[in-house]
Every structure is written in C-alpha cells, then in structure tokens.
Novice: 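Dropping the structure in here first, questions after.
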Amino acid sequence: MAVKIYHGDILFTPAADQLSVYENSYIIVEDGVVSQICERVPEEYKGAEVVDYGDKLIIPAFSDLHVHGSQYVQRGIGMDCLLSDWLNHYTFPQESQFRDMDYAKESYDAFVDDMLRHGTFHANVFATIHREATDYLFDKMEEKGMYGYVGKVNMDCNSPEFLIEKTEDSLLETEKYLSDHEGSKKVKTILAPRFAPTCSEPLILGLGKLAAKYHCGVHTHLVESVWEAQEALKLFPGYGSDAEIYERAGLMDYGPSIFAHVIFPTAEDKRIMKKHGSLSVHCPDATVNIVAGIMPLQQMASEGLKIAMGSDVAGGHGIAIYRQVARAVQLSKLKEFYEPAESKTITITQAFYHATKEAGSVFGKVGSFEKGYAFNALVIDNMEDSWSKMTAQEKLERFCYIGDDRNIKARYIDGKLLSQEF
Ligand code: GUN
Ligand code: FE
C-alpha cells in the first residue's frame, strides 16, 4: 500500500454547521484515500514519506455543479443583460461556433485548465448541442483526472436556426453520445436539456427513455427567473411545476438530478426535488449578472433540500468556486435584509460545505477529509499578513474573499500531485 503523509493546518466541513480544524496536524493518505488525521505520526507509519506544508492550509478541492464549458470565452461579457437577451445576443451565436472543432478544442482546453488552476476538480458541465465537441470535452476532463458529469445539450424549439436540433436528431445524437461513453469511470455522461423553454415535450419524453436505458441523471436550469418559470408552464400546459416536467418523463429516476439556480421554487418543485434527492445549485455571480433573484438557500436547506455551488460561467463571470463561497454569504445577507421572512444569513462554514462536501456527493467520496474520502486537496498559502497572526479558519475565509489561484501552492487528485503547468 502506498502511504503518503501531509503536514499542515487541515480544514474541512463534515456538516453544514461543522468546520473541522486540525492545526499543525498530519493527514495520512493510503492509495490516494484519507485514512486518518492526527497530531503525531503513529508508530506504524514511521518511515512513510512526509510532505511538510508548515502552517499552510490543506483543504478539500472544490466542486462546480453548474458550469457551461462552452461559455468560457464569454466571461465578463454582456453582463448588463438579463437572461433572455443575454442568451439571444451573446450566448446562442457564440455557442453555435462549437460546430468548428478547432474552436471547440481551444475553448475546452482553456476551460479545463482554468478549472484545475482554481482548484475545481469535480464539475458538472454543460457543453453545447454538438456531439463531437462534447466528446472532446469529456475526454479532456478524463485525461486530466477530473471527476465530472458532461452533458450534450438538447434544444429543439424557440432557438435560432443556427443553434437548434430536430427532435429526432437530438435524441439520436444523444444516444450515440451516451453509448460511446458507457462504462466510463470518473467522468460520466448526464442528460442536459437546456431548459424547458427550448425543449419540446416529445424531446423531454424521449430523453426520459434514454435515462432509463443508460441509467443517467439530468442537469438543467430550473425556475431560474420569473420569465423562465412562466414560460416553462406556458409551453408545458398540462404540468403543475417546472420540476414536474422532468419528473414525469422519468428523468429524475436514475443518477443525480441537478438543477441550476432554483430561485423561485414552488412547494411542488421542492416536494419533487426532495423526493428524488436532487441538488439545487446556487450560482451567486450569475444570479446577480443575468438571472436576477436570490435563491432562498437557508430556507431550502432547512427544509432538507440539498444545495451545491456553481460558477455558471459565463452567466457568472469567474470560474473560481471559492469566490462563490464568499458571494453566497454576501447574497444571503442581502436576501435577509430585503426579505427577512424568506431566508437567513449563512456562515462561511455552511457555504464552504455546499461547495465541497455536499456538491461533491454526486461524484462519490470527494469534498471532505473524513476517512475513506479521496485525497483531492488544495494547499493554500500566504493569506496572513506578516505582522498579524490569523487562525486557520480566518485564513480560509480570507482565501474565499480575496485569495486567487496564486495562493494555491499544490493540488492533489486521488493523492497524486498535479502538474503545476496549465
Ligand atoms: N438558461 C438557459 N440557458 C442558459 C444558460 O446558458 N445560462 C444560464 N445561466 N441560464 C440559462
Ligand atoms: Fe447556466
């Protein structure tokens, strides 16, 4: 058995209200998996290699549960639009370029490298309608050792003629995509109907059949704006809620169901998501940029709904999930200020938990350092001013607010040190 031991200030969140802090401690990793954390190296491990990170922080790597790899090139552009205009003016024309594989390769190479640079090792990614480009993204994430779900997007109505599929073709291409990647290990396929306004009922029902045949989950946008919530029910008149569109098709029966934004959930949406153990993905920057409305995070969490964090690049302008942790705290304060009945301010511990352990739960045992979890870790340095001491917890908070990739001194996936070259 390969044993490696790392020394530093070790932090992780086993629960939303629990930050475990082990300052000046050792984490013992056997074959890439955490076995224990201790203040002194036990006798049986004497002789094993120890990597000493001094008083640097060792934290779990982040999960991004809603990100559009295909919109990486759009970051920070069109940020004065709301959703419908942003999609029509910027996003749809840009995404249509993914029929060109040279364009797709450059975009996806840069996107994957930037996720790794910023400590996101587990991601649930929207591609585009183009199968070949989606295959490339899938393979790229696999080659880099990431954990992931990758979805070929489906859209067969209310879309411009340069970015739309015939229902039949959409289903055939999706089936080919699923079957080509059957049996994959760390990166997996997921169904990705864009959202109800661009998907017909026959398409959604057809995807439900594919979910049953290939046992895969679903990733889409749900009740993300007042416009979207109304549009969904207009286009699906026999349905009582946005979530019911996916539930009735059988899209929530296999694999994870992951819903981005979830800003205006009805009681019925929440009942359906809870029944299926779905994750609702909070994307604070995107919420401010193009979506407009703040997820009632604390209310939903207290009702037992699972919450994850997403960058939603390029609705969100930055890839760093640690920054979304800080923004989630900021937005929860605004929400409490304006709508005290709807939600309460969350702690940095809770936000970190949603971005690590809870989001990571869809990939297996990642996002924590409890025994049995993969050592997918970041080593963080230089958060302290030279003349003033800080606790490990304070350093973590500062990293989320004002740190960046230069503060990430080492990155490990499954106990293997990643190359520092991106
Ligand atoms: N709803 C439909 N498409 C999109 C998209 O590309 N980004 C976001 N944030 N919401 C969407
Ligand atoms: Fe999105």
Side-chain angles (χ1 to χ4, degrees), residues 64-98 107 111 115 123-130 133-134 137 149-160 162-165 170 190-200 203-204 218-232 235-236 242-243 245-246 258-264 279-295 308-319 321 324 327 359:
D64 187 342
L65 282 210
H66 180 64
V67 57
H68 300 257
S70 53
Q71 295 169 12
Y72 181 72
V73 70
Q74 286 176 240
R75 26 203 222 291
I77 298 173
M79 301 280 86
D80 51 0
C81 291
L82 284 181
L83 183 61
S84 177
D85 285 343
W86 178 80
L87 288 173
N88 288 310
H89 295 158
Y90 291 93
T91 305
F92 291 163
Q94 193 282 122
E95 282 192 16
S96 74
Q97 297 192 63
F98 281 74
S107 299
F111 163 66
M115 280 198 289
N124 176 38
V125 190
F126 253 74
T128 59
I129 61 172
H130 312 92
T134 309
L137 171 62
Y149 286 98
V150 176
K152 186 207 102 54
V153 173
N154 305 97
M155 45 201 295
D156 71 339
C157 59
N158 303 315
S159 308
F162 54 79
L163 193 69
I164 192 166
E165 307 164 296
S170 184
I190 196 162
L191 294 163
R194 184 167 209 125
F195 65 161
T198 60
C199 297
S200 69
L203 176 61
I204 296 285
V218 68
H219 174 200
T220 191
H221 301 89
L222 198 87
V223 287
E224 62 174 314
S225 69
V226 173
W227 166 75
E228 188 270 333
Q230 287 170 347
E231 202 69 9
L235 293 162
F236 287 79
D242 208 350
I245 296 169
Y246 306 99
I258 305 175
F259 296 116
H261 303 304
V262 194
I263 293 175
F264 304 102
L279 277 108
S280 298
V281 190
H282 186 35
C283 307
D285 275 342
T287 266
V288 175
N289 292 330
I290 58 157
V291 169
I294 301 173
M295 174 195 265
M309 219 62 91
S311 69
D312 194 23
V313 156
H317 49 276
I319 203 86
I321 287 294
Q324 299 311 300
R327 296 262 194 272

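Indexing begins at 1, ligand by ligand and atom by atom, following the structure's order. Sequential numbering from 1 along the given sequence is applied to the chain's residues.
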Novice: Carefully, step by step, assess Met155 and Leu163 under the rule side-chain contact (heavy atoms from CB on, under 4.5 Å).
Specialist: CA-CA 8 Å; Met155 45 201 295; Leu163 193 69; 3.8 Å; yes
Novice: Angle subtended at the Fe ion (ligand 2) by NE2 of His221 and NE2 of His66, to 10 degrees?
Specialist: 90°
Novice: Specify the closest pair of heavy atoms between Val125 and Leu137, including all atoms of both residues, with the distance to one decimal.
Specialist: CG1-CD2, 3.8 Å
Novice: Answer yes or no: is there a donor N or O on one side and an acceptor on the other, between the side chain of Asn124 and the main chain of Leu65, under 3.5 Å?
Specialist: yes
Novice: Any N/O/S atom from Asp312 (main chain or side chain) under 2.8 Å of the Fe ion (ligand 2)?
Specialist: yes
Novice: Would you tabulate the polar-atom pairs, meaning N/O of ligand 1 against N/O of the protein, with distances under 3.5 Å, reported to 0.1 Å?
Specialist:
from, atom 1, to, atom 2, distance (Å)
ligand 1, 1 (N), Glu224, OE2, 2.6
ligand 1, 3 (N), Arg194, NE, 2.8
ligand 1, 6 (O), Gln71, NE2, 2.8
ligand 1, 6 (O), Arg194, NH2, 2.7
ligand 1, 7 (N), His68, NE2, 3.4
ligand 1, 9 (N), His261, NE2, 3.4
ligand 1, 9 (N), Asp312, OD1, 3.4
ligand 1, 9 (N), Asp312, OD2, 2.7
ligand 1, 10 (N), His221, NE2, 3.2
ligand 1, 10 (N), Glu224, OE1, 2.9
ligand 1, 10 (N), Glu224, OE2, 3.4

Novice: For the backbone of Val262 and the side chain of Ser280, can you confirm whether one donor and one acceptor N or O come within less than 3.5 Å of each other?
Specialist: no
Novice: Which pair of heavy atoms, one from Ala123 and one from Val67, lies closest together, and at what distance?
Specialist: CB-CG1, 4.4 Å
Novice: For a distance under 2.8 Å, tell me if His261 has an N/O/S atom near the Fe ion (ligand 2).
Specialist: no
Novice: Could you report the tightest heavy-atom contact between Pro197 and Glu228, atom names first, then the distance?
Specialist: CD-OE2, 3.9 Å
Novice: Measure from the Fe ion (ligand 2) to each N, O or S atom of His68 and report whether any distance is below 2.8 Å.
Specialist: yes
Novice: Indicate the atoms forming the closest heavy-atom contact of Leu279 with Ala308, along with that distance.
Specialist: CD2-CB, 3.7 Å
Novice: Please confirm whether the ring centroid of Phe126 lies under 6.0 Å from the ring centroid of His66.
Specialist: yes
